[in-house]
Amino acid sequence: MLVRVRSRDGLERVSIPDPSRATVSTLKSLIQAQLAVPVSAQFLSLNRDLLLAKTPADALCFSDLSDPVAFLSSLGVVHGSVVFLSYFDLPRSVSGAPTITPSGSFGRKMTMDDLIARQVRVSRQETPHCDTASFDRDAANAFQLYVNETLAFAVKRGGFMYGRVEEGGVVLVDFIYEPPQQGTEDSLFLLRDPDEEAFVEAIAAGLGMRRVGFVFTQSVGRTGKGEYTLSAREVLQAAELHAEGGIEEWVTALVKLEVNEDGAADVHFEAFQMSDNCVKLFKDGLFVTEIGDDDNPRVSRMKKDVVVGVKDTREVDNDFFLVPVKISDHQGPLSTSFPVENRITTVTMRALKNHLDRTKHLPFVKRISDFHLLLLLARYLDVNADIPALTECVVGQTPVPEGYQLLIDSLAAAGS
């Protein structure tokens, strides 16, 4: 497992050989071994505000990673997570860091080449890293049915896409996890639950899958000046999640209503990648993140001038950041008949009982081959032992041991 460690020196990576048993103390020891920051000097947190701490006393206020025996998985630290590191009065040289060369009136004079090199250029990216995004038909249908028939596209909705990356940059989306969230006409607020996401990651790993993108909807009542594909808020959120995703094939998918030739509304899927340029601008902190209701949604504002074509500007048309990706569909290995998490109706063990009764004609492994069902079970079973055992059966479509069948049946009966 790789954990990204961000300090004032930049972003570095720490490799954790046995993530299932790794604790906060393990992580600190590995940071000392791999990044040469002594354990005694380290302050760790999942809160980026740690980097604003000016003294050790300020840093002590961030205590979420202070328990040395706490397992990283229980704290939501998974493959690709960002952990913030602060330390004080420690001279340190970061491998690969750029050499600072004086210029201007305090050093050598800047040449035209220096000035060009310092410019931030924004240009279109013609070729995506992802050749095609293929959606499991049932997973895509379950998502669009909810936003269409229940939410009526009145508010925004989103979900993390999980699946596989195949040769040639083909991304297969096999299930969609919908985190806790609050949507309005123009904004989508993800109320992310680290504990639940740890369950999701464990299930995905057991199924041989990983997080490959993010899908969201646009409301029918969104406001704006003219037509545009993604708003400034959507570009900012998509760039942040792409940067977090950790793979160059990361896909951003959009679901919206479009009027067809007969005047009726059709549900329409589109897929993009945020350009390398866009993701870098986000990582470098160049996006203005405060977006007002009166701001033009078609453009993203920058904190300093960038060069678009031959023009210096602080406003970039959002289309410059989008790289279209081809869409196809497939029938994945999982079913999507179990109720989906974090929607209006809470998923309980009663839903498990109903599902098992409805599918009693199927082999037991078929009955549990549903991500959303496995996520419910993960709340009651051992995520480090029971869930891998069940996902192994699902992957191979092999019989589920009788003990697990009895356990799942008893959980369902208790909720009836």
Side-chain angles (χ1 to χ4, degrees), residues 1 19-20 73 78-79 133-143 159-166 170-179 195-213 215 247 329-343 347-415:
M1 180 173 83
S20 64
S73 58
V78 297
H79 179 74
S134 181
F135 291 81
D136 175 88
R137 300 182 193 97
D138 294 337
N141 191 51
F143 184 75
F160 288 107
M161 304 188 296
Y162 282 78
R164 297 154 286 157
V165 180
E166 295 198 329
V170 175
V171 171
L172 301 178
V173 178
D174 289 322
F175 71 82
I176 298 171
Y177 159 64
E178 298 177 25
D195 292 335
E196 186 171 86
E197 290 192 22
F199 294 151
V200 176
E201 293 295 328
I203 295 167
L207 295 172
M209 301 177 190
R210 61 158 300 151
R211 192 178 296 184
V212 294
V215 58
I247 58 171
D329 62 11
H330 66 278
Q331 191 65 55
L334 304 174
S335 66
T336 313
S337 57
F338 194 76
V340 177
E341 63 283 342
N342 300 316
R343 290 185 173 179
V347 181
T348 65
M349 281 301 175
R350 181 67 186 177
L352 179 62
K353 178 71 164 58
N354 293 340
H355 175 84
L356 294 178
D357 289 344
R358 188 174 62 252
T359 58
K360 62 176 58 177
H361 62 287
L362 296 174
F364 200 86
V365 68
K366 282 286 186 186
R367 298 161 76 186
I368 66 165
S369 295
D370 188 305
F371 159 74
H372 307 289
L373 181 149
L374 292 171
L375 181 57
L376 177 65
L377 292 179
R379 299 181 182 278
Y380 299 90
L381 303 181
D382 187 333
V383 74
N384 294 315
D386 300 334
I387 293 302
L390 292 175
T391 53
E392 183 179 359
C393 295
V394 171
V395 170
Q397 287 296 290
T398 55
V400 177
E402 185 178 358
Y404 280 121
Q405 294 189 39
L406 293 172
L407 178 58
I408 294 171
D409 283 335
S410 66
L411 286 172

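- Using modelled atom types, one side-chain atom of Gln405 and one backbone atom of Val400 make a donor-acceptor pair closer than 3.5 Å.
- Shortest non-hydrogen contact noted between Gly159 and Pro179 is CA-CD, 4.1 Å.
- One finds the NE2 atom of His355 at 5.5 Å from the OG atom of Ser335 (value rounded to the nearest 0.5 Å).
- Counting only heavy atoms from C-beta outward, the side chains of Ser73 and Met1 never approach each other to under 4.5 Å.
- Between Tyr177 and Tyr162, the two ring planes are perpendicular [angle over 60°; tilted spans 30° to 60°].
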- Does the side chain to side chain contact (heavy atoms under 4.5 Å, CB included) test come out yes or no for Thr336 and Ile176, once each step is laid out? CA-CA 10 Å; Thr336 313; Ile176 298 171; over 6 Å; no

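- In the displayed structure, Gln397 atom CD is contacted under 6.0 Å by more than 12 heavy atoms of other residues, nucleotides or ligands.
- Surrounding CD of Gln331 are more than 12 heavy atoms belonging to other residues, nucleotides or ligands, all under 6.0 Å away.
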Audit row: Val171, Ile247, side chain to side chain contact (heavy atoms under 4.5 Å, CB included) steps and yes/no: CA-CA 11 Å; Val171 171; Ile247 58 171; 5.9 Å; no

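- Looking at heavy atoms from C-beta onward, Leu411 lies out of side-chain contact with Leu376 at the 4.5 angstrom threshold.
- Between Leu356 and Ala412, the shortest heavy-atom contact is CD1-CB, 3.8 Å.
- Interatomic distance, Ile387 CD1 to Glu392 CD, rounded to the nearest 0.5 Å: 13.0 Å.
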*Begin from the C-alpha positions of Phe371 and Val200 and carry the test side chain to side chain contact (heavy atoms under 4.5 Å, CB included) through to its verdict.*
CA-CA 9 Å; Phe371 159 74; Val200 176; 4.0 Å; yes

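- In plain terms, the two heavy atoms of Val394 and Ser369 that are nearest each other are CG1-OG, 3.7 Å.
- A heavy-atom distance below 4.5 Å is not found between the side chains of Ile408 and Arg367.
- Counting heavy atoms from C-beta outward, Val212 and Val173 have side chains that approach closer than 4.5 Å.
- Considering Leu373, Leu375, Ile368, Thr359 as possible partners of Phe338, the one that fulfils the side chain to side chain contact (heavy atoms under 4.5 Å, CB included) test is Leu373.
- Shown here for Tyr404 and Ala385, the closest heavy-atom pair between the two residues is OH-O, 4.2 Å.
- Residue Val347 comes nearest to Ala351 through the heavy atom pair CG1-CB, 4.2 Å, listed as atom of the first residue, atom of the second, then distance.
- The shortest distance between side-chain heavy atoms of Glu178 and Arg343 falls below 4.5 Å.
- At least one side-chain heavy atom of Leu352 sits less than 4.5 Å from a side-chain heavy atom of Leu377.
- We find that Arg379 and Glu341 are not joined by a salt bridge, their nearest charged nitrogen and carboxylate oxygen being 4.0 Å or further apart.
- Side-chain contact between Pro339 and His372 is absent, with no heavy atoms from C-beta onward closer than 4.5 Å.
- Rounded to the nearest 0.5 Å, atoms CG (Leu334) and NZ (Lys366) are 10.0 Å apart.
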Practice task
Starting from the C-alpha separation in whole Å, work towards a yes-or-no answer on side chain to side chain contact (heavy atoms under 4.5 Å, CB included) for Arg211 and Glu197.
Solution key: CA-CA 11 Å; Arg211 192 178 296 184; Glu197 290 192 22; 3.2 Å; yes

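- Asp174 places a side-chain heavy atom less than 4.5 Å from the side chain of Arg164.
- The minimum heavy-atom distance between Cys393 and Val365, with the atom names listed, is O-CG2, 3.4 Å.
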